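Computed from a prediction, not measured in an experiment: that's the story for all the values here.
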Amino acid sequence: MDNSTYFTTVILTGYIDIGDIKYLCFVVLILLFAAIIVANLFIIGIIYKEKSLHEPMYVFLCSLCANQLCGSFALFPFVLGNMLRSKTPEVPLTVCHAQIFALYSYAQVEFCNLAMMSYDRYVAICHPLEYHRIMSPARTMTLIALGWSLEIMILSFSFSVNVQLKLCGNVLDKVWCDQYMLVKLACSDTTPNNIIGITGIPLAIGPPLLIIFFSYAKILRVCLKFTRQKAKKSLYTCSLHLITLLNFTVGCSFELIHSRFGKLPIPAVVRVILSLYFLVCPPLINPIMYGVSLTNIKKALKKCIGV
């Protein structure tokens, strides 16, 4: 194919025609976006201002909220800008690549944040007397910096290979740009890209998942030796993290199955909602859930407002 015939734009057919309801959906998405920004900035601001919250558990929570803000800013302006168009959205390939990098970074760093939070709970429950030595401020910040850097480096390698592909097709049945579906539109043989993708996923989320499984295996083993009341209290401190982990993992699993194995036999509207789940619900639910459930954050809020 001649260079002049390669596609440089991508058509997103996931924006189905829902008539005037799209204006209601537009308002709902703006409100969700605003709520996500306020909720996550609130958690970050409270933890930054209140010195009693300068503990590893809350610093990792800050990292989680910061990443969720990054993911939200990579999604919402893009979707909102395309929703009210009179025709099917067509976006430049460079914009699509930029969104792919931002959204995949969000997903990979999120698993890394969840791994660090699980490790923090493991140290707190299994090694309480050594907690402050093991989870020192310097080590906490090092873990966060390493986690973000390594995940972005792993993604950058596969991304740098995929971004060089020339497209012989340009239609994606999505409301946001998906890397795997974009690779399938390439003119050349994509076997090397697929191999890199298959190896990249385990490298990106494998170590975080192993840390999570290791941490909870150790926590469960220790809790079995505790009294019933102490075990219940210890497991309760892990409950918020487990809810966060399951919520995000279920959303990612649906998206992975949908992109890898084609359309699922469900209505188009439901498919669009589910494809947005891991990008919308965790950033909204997590800061609210932690803010409402963690006593120290509630105390810090009351102190800030003078109650």
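Contact of the Thr8 side chain with the Leu167 side chain is not registered, since no non-hydrogen atoms from C-beta on lie closer than 4.5 Å. When side chains are defined from C-beta on, Val280 counts as touching Phe76, because their heavy atoms get closer than 4.5 Å. Residues Asn247 and Tyr277 have side chains in contact (heavy-atom distance under 4.5 Å, counting atoms from C-beta outward). The shortest side-chain heavy-atom distance between Phe101 and Val163 does not fall under the 4.5 Å cut-off. Looking at heavy atoms from C-beta onward, Leu64 lies in side-chain contact with Leu114 at the 4.5 angstrom threshold. Put simply, the side chain of Phe33 does not reach to within 4.5 Å of the side chain of Leu75, judged on heavy atoms. Proximity of Leu301 to Glu50: side-chain heavy atoms (C-beta onward) are nowhere separated by under 4.5 Å. Between Leu12 and Asn82, the closest side-chain pair of non-hydrogen atoms falls below 4.5 Å.
No hydrogens or angles considered: a donor-acceptor pair under 3.5 Å links the side chains of Thr9 and Glu90. Counting only N and O atoms by type, the side chains of Gln229 and Thr227 include no donor and acceptor under 3.5 Å apart. Remark: the Asn296 side chain and the Tyr58 side chain contain an N/O donor-acceptor pair separated by less than 3.5 Å.
The NZ atom of Lys174 sits 11.0 Å away from the SG atom of Cys96 when rounded to the nearest 0.5 Å. To the nearest 0.5 angstrom, Thr191 atom OG1 is 11.0 Å from Ile196 atom CD1. Here the CG atom belonging to Asn286 is positioned 9.5 Å from the CG atom belonging to Leu240, to the nearest 0.5 angstrom. Between the CZ atom of Phe42 and the CD1 atom of Ile47 there is a distance of 9.5 Å, given to the nearest 0.5 Å. Annotation: the span from Lys218 atom NZ to Ser118 atom OG amounts to 14.0 Å, rounded to 0.5 Å. Interatomic distance, CD of Glu110 versus OG1 of Thr244, reported as 8.5 Å (0.5 Å rounding).
Taken together through direct or relayed side-chain contacts under 4.5 Å among Ile, Leu, Val, Met, Phe, Trp and Tyr, Ile30 and Trp176 form part of one hydrophobic cluster. Hydrophobic clustering (side-chain heavy atoms under 4.5 Å, transitive across Ile, Leu, Val, Met, Phe, Trp, Tyr) keeps Leu150 apart from Leu203. When hydrophobic clusters are built by joining Ile, Leu, Val, Met, Phe, Trp and Tyr residues whose side-chain heavy atoms come closer than 4.5 Å, directly or via intermediates, Val292 is grouped together with Ile37. Two different hydrophobic clusters hold Met153 and Tyr106 under the rule that ILVMFWY side chains link at heavy-atom gaps under 4.5 Å. In the hydrophobic cluster analysis, where Ile, Leu, Val, Met, Phe, Trp and Tyr join through side-chain heavy atoms closer than 4.5 angstrom, Met181 is grouped together with Phe78.
In this structure, Ser293 contributes its side chain and Tyr290 its backbone to no donor-acceptor pair below 3.5 Å. Between the side chain of Thr249 and the main chain of Leu246, no donor-acceptor pair closer than 3.5 Å is present. Remark: the backbone N or O of Leu172 is paired with a side-chain donor or acceptor of Thr13 at under 3.5 angstrom. Proximity of a side-chain donor or acceptor of Arg139 to a complementary backbone N or O of Ile134 within less than 3.5 Å is detected. Within the 3.5 Å criterion, the main-chain N or O of Leu146 finds no donor-acceptor partner in the side chain of Ser149. A donor-acceptor distance shorter than 3.5 angstrom exists from the side chain of Asn40 to the backbone of Pro283, with no hydrogens or angles considered. At distances below 3.5 Å, at least one donor-acceptor pair connects side-chain atoms of Gln108 with backbone N or O atoms of Glu151. Gln164 contributes a side-chain N or O that, together with a main-chain N or O of Ser160, makes up a donor-acceptor pair within less than 3.5 Å. Gln99 places a side-chain N or O within 3.5 Å of a backbone atom of Ala74 that can act as its donor or acceptor partner. A donor-acceptor contact shorter than 3.5 Å links the side chain of Tyr104 to the backbone of Gln179.
Centroid-to-centroid, the aromatic rings of Tyr119 and Phe214 stay 6.0 Å apart or farther. Less than 6.0 angstrom separates the ring centroid of Tyr216 from the ring centroid of His241. Aromatic rings of Phe111 and Phe248 (six-membered ring for Trp) have centroids within the 6.0 Å cut-off, being under it.
Summarising the local packing, NE2 of His132 is surrounded by 12 or fewer heavy atoms from other residues, nucleotides or ligands at distances under 6.0 Å. Residue Lys298 places its NZ atom among more than 12 non-hydrogen atoms of other residues, nucleotides or ligands, all under 6.0 Å distant. Within a 6.0 Å radius of CZ in Phe226, more than 12 heavy atoms belonging to other residues, nucleotides or ligands are found.
The disulfide bond (SG atoms under 2.5 Å apart) pairs that include a residue from residues 50-93 number zero, where partners must be two or more places apart or lie in different chains. Every pair passing salt bridge (Lys or Arg N to Asp or Glu O under 4.0 Å) that includes a residue from residues 126-136 is listed here, sequence neighbours excluded: Glu130-Arg133.
Pairing each heavy atom of Pro207 with each of Pro202, the nearest pair is CD-O, 3.3 Å. Closest of all the heavy-atom pairs between Phe278 and Gly251 is CB-C, 3.7 Å. Closest approach of Cys177 to Val91, counting heavy atoms only: SG-CG2, 4.5 Å. Closest non-hydrogen pair, Ala35 versus Leu284, comes out as CB-CD1, 3.8 Å. Between Ile36 and Ser72, the shortest heavy-atom contact is CG2-OG, 3.3 Å. The two atoms that bring Leu93 and Phe7 nearest to each other are CD2-O, 4.1 Å, heavy atoms only.
With salt bridges taken as basic N to acidic carboxylate O contacts below 4.0 Å, none links Asp17 and Lys22.
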Could you check Val222 against Tyr122 for side-chain contact (heavy atoms from CB on, under 4.5 Å), going step by step and ending with a plain yes or no? CA-CA 10 Å; Val222 168; Tyr122 153 70; over 6 Å; no

Show the numbers, then the answer: is there a side-chain contact (heavy atoms from CB on, under 4.5 Å) between Leu165 and Ser188? CA-CA 7 Å; Leu165 292 172; Ser188 57; 3.7 Å; yes

Can Ser105 and Trp148 be said to form a side-chain hydrogen bond (donor to acceptor under 3.5 Å, both in side chains), step by step? CA-CA 9 Å; Ser105 295; Trp148 281 65; over 6 Å; no

May I have the step-by-step check of side-chain hydrogen bond (donor to acceptor under 3.5 Å, both in side chains) for Asp120 and Tyr131, ending in yes or no? CA-CA 9 Å; Asp120 174 73; Tyr131 178 75; 2.5 Å; yes

Using side-chain contact (heavy atoms from CB on, under 4.5 Å), reason through Ile211 and Cys112 one step at a time and then give a plain yes or no. CA-CA 9 Å; Ile211 292 171; Cys112 193; over 6 Å; no

Test side-chain contact (heavy atoms from CB on, under 4.5 Å) on Ile144 and Met116; report intermediate values, then the result. CA-CA 8 Å; Ile144 292 173; Met116 291 185 287; 4.1 Å; yes

